[in-house]
Amino acid sequence: MHNFIKGLPKAELHLHIEGTLEPELMFTLAKKNEVELPFASVEDVRAAYEFDDLQSFLDIYYQGAAVLITESDFAELMSEYLERAIADGVRHAEIFFDPQTHSERGVDIGTVIGGFRKAQAEFADSISTSLILCFLRHLPPHAAVDTFEAARPYLDDIMGLGLDSSEVGNPPERFVEAYALGRDAGLRLVAHAGEEAGPDYVWAALDVLGAERIDHGVRAEDDPELVERLVREQIPLTMCPLSNQELQVVPDLRDHNLKRLLDRGVKVTINSDDPAYFGGYVAENYAMAATALGLTRTEVGRIARNSIEASFVDDERKAELLTELDQYLASHEVH
Ligand code: ADE
Ligand code: ZN
């Protein structure tokens, strides 16, 4: 199954680039930029990756991101991710970034995007990519609006808007103004919802923000009417099994609702969220879910198809990716 999964053409739709910062690169950049880390060694960092919940992860994740300063740092971060994604069969990636994590440290959004664009161009023959700007929901709504305005000169490089960070107590409604600006500018809209907070956050992400995909959406299952809507409107969920396991969103991967929702007809996808922190890139997420939930090759193929269909690529590229997937499945006698 593992080789089948690695070769399977797929799209990754829920990936925080700051969450791909491996401890080795963290230490290299900390030394170069003379940033002090609260860890003595790479082993120390890995040992600190024991999380009780989303917040305990975010506290460490924002500390790690402090080593990213120059355009070349952001380019290196993106290059390392793209190399790993390509090795995992990712043919298209829609990549989240958190400009506020960097602007709060005095790093300009132009530096961040400039670095990403260099790496994206370098790997463009092997993987198509786009950027999704995420607002940090633990910060005030006016900060999201300011961030959008700071990003305005770079909108040609940005595909969409997202919403991440501490979910409970920071409902989607707070960000209605920033999302309206994005919609007016022609951006695509997604939002994290139903990771730790309940189905009401998913409803609000859809109805108040106008999100076209829901990132995580695990808790949507608590509301049968919401599940019916996700099925009826084919609203994709970008699920992240290893993240959910590591952040104790689901106590045991064998209880993850990904397969139940797939069986119900929800457009479920599998993604890696913050792979450097949760112990696996996207192929590992597919493989762990397949093992824990007993997914067949047909089901795994369906999830890869969902990922391509749920992406925001243009019709021509989408058709190309679907053809590639069909050929791969046919050559592996998967129907
Ligand atoms: N930022 C990075 N990963 C996240 C997650 N899983 N949920 C919310 N915010 C995040
Ligand atoms: Zn996420």
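Remember, it's 1-based here, ligands and their atoms both numbered in the order they're listed. Just so you know, these numbers come straight off a predicted model, no measurement behind them.
By the 30° and 60° cut-offs, the orientation of the rings of Y81 relative to Y281 is parallel. Using a 30° and 60° split on the angle between ring planes, H138 and Y62 fall in the tilted class, from 30° to 60°. Taking the six-membered ring where tryptophan is involved, the planes of H192 and H16 are tilted, since the angle between them lies from 30° to 60°. By the 30° and 60° cut-offs, the orientation of the rings of F4 relative to H332 is perpendicular.
Residues F148 and F135 place their aromatic rings such that the two centres sit no closer than 6.0 Å. In this structure, the ring of F312 has its center no less than 6.0 angstrom from the ring center of H92. Between H102 and F74, the ring centre distance stays below 6.0 Å. Y179 has its ring centre no less than 6.0 Å from the ring centre of F175.
Taking only nitrogen or oxygen atoms, main chain and side chain alike, H14 does not reach within less than 3.5 Å of ligand 1. Taking any N or O of D274, backbone or side chain, at least one lies under 3.5 Å from an N or O belonging to ligand 1.
Residue contacts with ligand 1 for D98 are absent, since no atom lies close enough (heavy atoms, distance under 4.0 Å). Contacts between E195 and ligand 1, counted as non-hydrogen atom pairs separated by less than 4.0 Å, involve the side chain only.
Close approach to L58 involves these atoms of ligand 1, each under 4.0 Å from a residue heavy atom: 1 (N), 10 (C). Atoms of ligand 1 found under 4.0 Å from any heavy atom of F57 (numbered from 1 in listed order, with element): 2 (C), 3 (N). For ligand 1 and Y61, the ligand atoms under 4.0 Å from any heavy atom of the residue are 1 (N), 2 (C).
Nearest to atom 6 (N) of ligand 1 among the protein's heavy atoms is D273 OD2, 2.7 Å. From the protein, the heavy atom lying nearest to atom 1 (N) of ligand 1 is H16 CE1, 3.5 Å.
Distances shorter than 4.0 angstrom occur between a heavy atom of H216 and an atom of ligand 1. Heavy-atom distances between S165 and ligand 1 reach below 4.0 Å in at least one pair.
When rounded to 10 degrees, the angle formed at the Zn ion (ligand 2) by NE2 (H192) and NE2 (H16) equals 90°. Considering the Zn ion (ligand 2) as centre, the angle to NE2 of H14 and to OD1 of D273 is 80° (10° rounding).
E309 pairs with exactly one of R213, K267, K10, R302 by the salt bridge (charged side-chain N to carboxylate O under 4.0 Å, His left out) rule, that one being K267.
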